[in-house]
Each structure stands twice: as C-alpha cells, then as structure tokens.
Amino acid sequence: MRLLRFRFGDKIATGASDLGSDTIRVLRGTFFEDPLPTGEEVPLDDVRLLAPVLPSKLVCVGKNYAAHAAEFGMSVPEEPLLFLKPSTAVIGPHDPIRLLPISRRIDYEGELAVVIGRLARNVKAEQAGAYILGYTCANDVTLRDLQKTDEQWARAKGFDGSCPLGPWIETDLDPTDVRIETRLNGEIRQAGQTADMVFGVAELLEFITGFMTMLPGDVILTGTPDGVGRLAEGDLVEVEVDGVGTLANPVGEPS
C-alpha cells in the first residue's frame with residue numbers, strides 16, 4: 001500500500017492508494033494515529049504530492065556502500081557513520097532544489113529512506129519490521145566543497161531543501177535487495193542494490209535506537225551507492241527505488 005500526503009485544492013490531506021490505482025482514499029487523522037478512511041476518494045492526477053512525512057529528525061548513514069566510499073578514497077567504517085539533517089531540510093516531489101551562493105558544488109545522492117511508524121528505543125534487529133511504517137525515496141543533497149572543508153557537516157548536509165523525500169511511503173517492501181537508480185536529465189548516474197549496503201536496515205535501526213529514540217515519522221537515510229555527481233541550474237534529478245517509485249526534483253535558481 002502507498003501512503004501519500006498531498007494538497008487537493010486548498011486542503012492538505014493524507015491518503016492511501018493501491019499499486020496501479022489512479023485514486024487516493026482520503027484518510028482521517030495521520031498515518032500514526034487513527035488513519036481511518038473518510039469515504040472520500042480523489043484522483044491521483046488531480047493532487048499535488050507533498051513530502052510524505054514531516055519528521056522531527058532524519059538520521060543519515062555515510063559510507064554505507066563500499067564502492068561509494070572507494071570513489072572518495074575512503075574505507076567503510078567498522079560501525080555506522082551517522083549524521084543528522086533537520087526537519088527544515090525536507091522538501092517534496094517536484095519542489096526545486098535551490099543552489100546556494102555559499103557553495104560552488106552541490107551533489108545528488110540517491111538513497112532508500114526508512115520511515116519509522118512507532119516510538120522506537122532499544123529495538124533489536126529481529127524486531128525492526130514492527131517499528132517501520134514503510135519506505136520512500138530520498139536525495140541526500142550535499143554541498144560537497146563545504147563537506148570537505150567543514151569539520152562538521154551542518155552546512156554541507158543540513159541546509160534548507162537538502163532532503164527531497166517522496167513520492168509516497170510504500171508499506172509492502174522487502175528492503176534487503178532492491179535497486180536504487182539516480183538519473184540526471186534522463187541519464188543513469190547511480191545504480192546500486194541495497195544488498196550491497198555495509199549495514200542493512202534492521203542493523204541500522206538497532207544501532208541507532210541503542211542511543212537515540214526515533215519518533216513516529218522520523219526517517220533513516222540508508223546511504224548512497226557510487227556515482228554521485230554535480231547538479232546545475234536547470235537539471236532534473238530523479239531517484240527511483242524499485243517497488244517504491246520515483247522522486248523527481250528540478251534544480252532551481254540560486255536563493
């Protein structure tokens with residue numbers, strides 16, 4: 001099932017849609033509290049899709065694919081390498097990624113994102129599925145030059161609009177071996193399999209919740225395959241996760 005957050009006319013709502021369906025069943029409440037159908041249905045083509053969740057935080061994993069670490073001349077870590085993005089980093093499908101005058105290089109990084117469904121603390125890997133609402137596509141947009149010069153990555157990874165999410169949450173997905181593909185202006189730039197992640201989804205959830213409480217709607221970005229590259233004004237970047245969908249964002253003018 002697909003869970004969507006969308007604008008229809010002057011109303012922002014949540015809904016559910018089955019694979020292949022062209023309609024959305026509108027829900028009352030949130031995905032986490034009393035998500036009951038209202039009986040109303042709207043055409044998928046008539047809505048503007050929004051970021052499917054508004055997380056309190058996004059926990060991101062660096063160097064989780066050996067080939068990506070190697071393209072920067074680095075080895076994979078012995079434990080997950082984590083950093084945070086703030087809630088203000090989130091934008092939705094088709095929202096523009098803004099270029100910033102503080103940076104001379106902005107990169108795409110396509111990723112599988114995990115959406116937490118219930119309060120999670122000290123979760124064991126074998127119980128991880130019970131705490132996951134579903135999966136979506138993410139783009140860990142990075143100011144690469146600032147990542148190299150700053151000791152901390154707050155600017156490089158946490159700027160406004162640095163985390164496109166969408167187009168929806170897919171609740172029925174086995175994340176152990178799915179394809180992630182990033183296209184720039186229609187050309188494939190990244191193509192990887194989640195089976196190649198150093199730390200899998202369940203292992204990541206156990207590690208993170210061992211010291212940090214994850215709240216409903218929080219998101220884990222699981223890392224990017226090799227092939228990251230530069231964005232420029234006028235580009236269109238698409239992140240596709242098999243079994244989920246495609247997240248597309250244009251690159252806008254400098255803010």
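Any value given below was found using the heavy atoms of this structure, including those in side chains, with hydrogens, waters and symmetry copies removed. Note that the structure is a prediction, hence the values are computed from the model and not measured.
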So, do Asp140 and Phe83 sit near enough that their side-chain heavy atoms are less than 4.5 Å apart? yes
Exceeds 12 heavy-atom contacts within 6.0 angstrom, atom CZ of Arg104: no
Do the side chains of Tyr135 and Asp174 get nearer than 4.5 Å, heavy atoms only? no
About how many Å separate CE of Met212 and CG of Leu215, when rounded to the nearest 0.5 Å? 10.5 Å
Does Arg2 reach the main-chain N or O of Asp18 with its side chain, forming a donor-acceptor pair under 3.5 Å? no
Starting at CG of Asn139, measure out to SG of Cys163 and round the result to the nearest 0.5 Å. 8.0 Å
Decide yes or no on side chain to side chain contact (heavy atoms under 4.5 Å, CB included) for Phe159 and Leu100, but give the supporting numbers first. CA-CA 9 Å; Phe159 61 95; Leu100 295 179; 3.6 Å; yes
Using side-chain heavy atoms (C-beta onward) and a distance below 4.5 Å, is Val26 in contact with Glu41? no
Look only at the side chain of Gln147 and the backbone of Thr142, and say whether a donor-acceptor pair between them is shorter than 3.5 Å. no
Is there a side-chain hydrogen bond (donor to acceptor under 3.5 Å, both in side chains) between Ser56 and Asp218? Walk through the geometry before answering. CA-CA 6 Å; Ser56 75; Asp218 282 351; 2.7 Å; yes
Validation row: Asp226, Val228 side chains within 4.5 angstrom (heavy atoms): no
For residues Thr194 and Thr222, determine if any side-chain heavy atom of one lies less than 4.5 Å from a side-chain heavy atom of the other. no
Indicate the atoms forming the closest heavy-atom contact of Gly117 with Pro216, along with that distance. O-CB, 3.9 Å
Over all atoms of both residues, closest heavy-atom pair of Arg121 and Thr213: CD-OG1, 3.4 Å
As an exercise, state the distance from CZ of Arg118 to CE of Met214, rounded to the nearest 0.5 Å. 14.0 Å
Counting N and O atoms only, with roles assigned by atom type, does the side chain of Asp235 sit under 3.5 Å from a partner on the main chain of Ala232, one being a donor and the other an acceptor? yes
Test log, rule side chain to side chain contact (heavy atoms under 4.5 Å, CB included), inputs Val201 and Ile132: CA-CA 10 Å; Val201 169; Ile132 294 171; 3.8 Å; yes
Hydrophobic cluster identity match, Leu3 and Leu44, side-chain contacts under 4.5 Å: no
Would you say Tyr65 ends up clustered with Leu81 if hydrophobic residues are merged whenever their side chains have heavy atoms under 4.5 Å apart, either directly or through other cluster members? no
Heavy-atom side-chain contact between Val114 and Leu205 under 4.5 Å: no
Exam field: side chain Asp95 to backbone Gly92, donor-acceptor pair closer than 3.5 Å: yes
Taking Glu181's backbone N and O only, do any of them form a donor-acceptor pair with Gln190's side chain (distance below 3.5 Å, no angle check)? no
Under the side-chain hydrogen bond (donor to acceptor under 3.5 Å, both in side chains) rule, what do Lys85 and Ser162 come out as? Steps first, then yes or no, please. CA-CA 8 Å; Lys85 285 180 179 277; Ser162 63; 3.2 Å; yes
Can Leu54 and Arg5 be said to form a side chain to side chain contact (heavy atoms under 4.5 Å, CB included), step by step? CA-CA 10 Å; Leu54 297 175; Arg5 183 170 163 269; 3.4 Å; yes
Which is it for Glu109 and Arg189 under the salt bridge (charged side-chain N to carboxylate O under 4.0 Å, His left out) test, yes or no, and what are the steps along the way? CA-CA 10 Å; Glu109 294 190 7; Arg189 295 297 183 88; over 6 Å; no
Keeping the roles fixed (side chain from Thr171, backbone from Met1), state whether a donor-acceptor pair exists under 3.5 Å. yes
Which heavy atom in Gly110 sits nearest to a heavy atom in Thr224, and how many Å separate them? O-OG1, 2.8 Å
Give me the one residue out of Arg155, Arg144, Lys157 that meets salt bridge (charged side-chain N to carboxylate O under 4.0 Å, His left out) with Asp150. Arg155
Would you name the heavy atoms of Glu33 and Thr30 that are closest together and state the gap between them? N-OG1, 3.0 Å
Do Thr136 and Trp168 come close enough that some side-chain heavy atom pair is under 4.5 Å? no
Ile97 and Val90: same hydrophobic cluster, using ILVMFWY side-chain contacts below 4.5 Å? no
I'd like to know if the side chain of Gln193 and the backbone of Ala195 have a donor-acceptor N/O pair within less than 3.5 Å. no
To check you understand the geometry: which heavy-atom pair defines the closest contact between Phe32 and Leu133, and what is its length? CE2-CD2, 3.6 Å
So does Gln152 have more than 12 non-hydrogen atoms from other groups sitting under 6.0 Å from CD? no
In short, Gly245 meets Cys137 closest at the heavy-atom pair O-SG, 3.3 Å
Give a yes or no on whether Ile169 and Val241 share a hydrophobic cluster (residues Ile, Leu, Val, Met, Phe, Trp, Tyr; joining criterion: side-chain heavy atoms under 4.5 Å apart). no
Side chain Ser21, main chain Ser17, donor-acceptor under 3.5 Å: no
Between Thr23 and Val42, is there a side-chain heavy-atom distance shorter than 4.5 Å? no
How long is the gap from CD on Glu111 to CG on Leu165, to the nearest 0.5 Å? 10.5 Å
Heavy-atom donor-acceptor pair, Glu240 side chain to Thr246 backbone, under 3.5 Å: no
Assess the residue pair Val219 and Val59 against the criterion (side chain to side chain contact (heavy atoms under 4.5 Å, CB included)); give the C-alpha distance rounded to whole Å, side-chain angles, the decisive distance to 0.1 Å, and a yes or no. CA-CA 6 Å; Val219 173; Val59 182; over 6 Å; no
How long is the gap from CG on Leu4 to CZ on Phe31, to the nearest 0.5 Å? 6.5 Å
Spell out, yes or no, whether Trp153 and Leu143 are grouped together once hydrophobic residues are joined by side-chain heavy atoms under 4.5 Å, including indirect joins. no
Let me confirm one number: the CG-CZ distance from Leu236 to Arg183, rounded to the nearest 0.5 Å. 9.0 Å
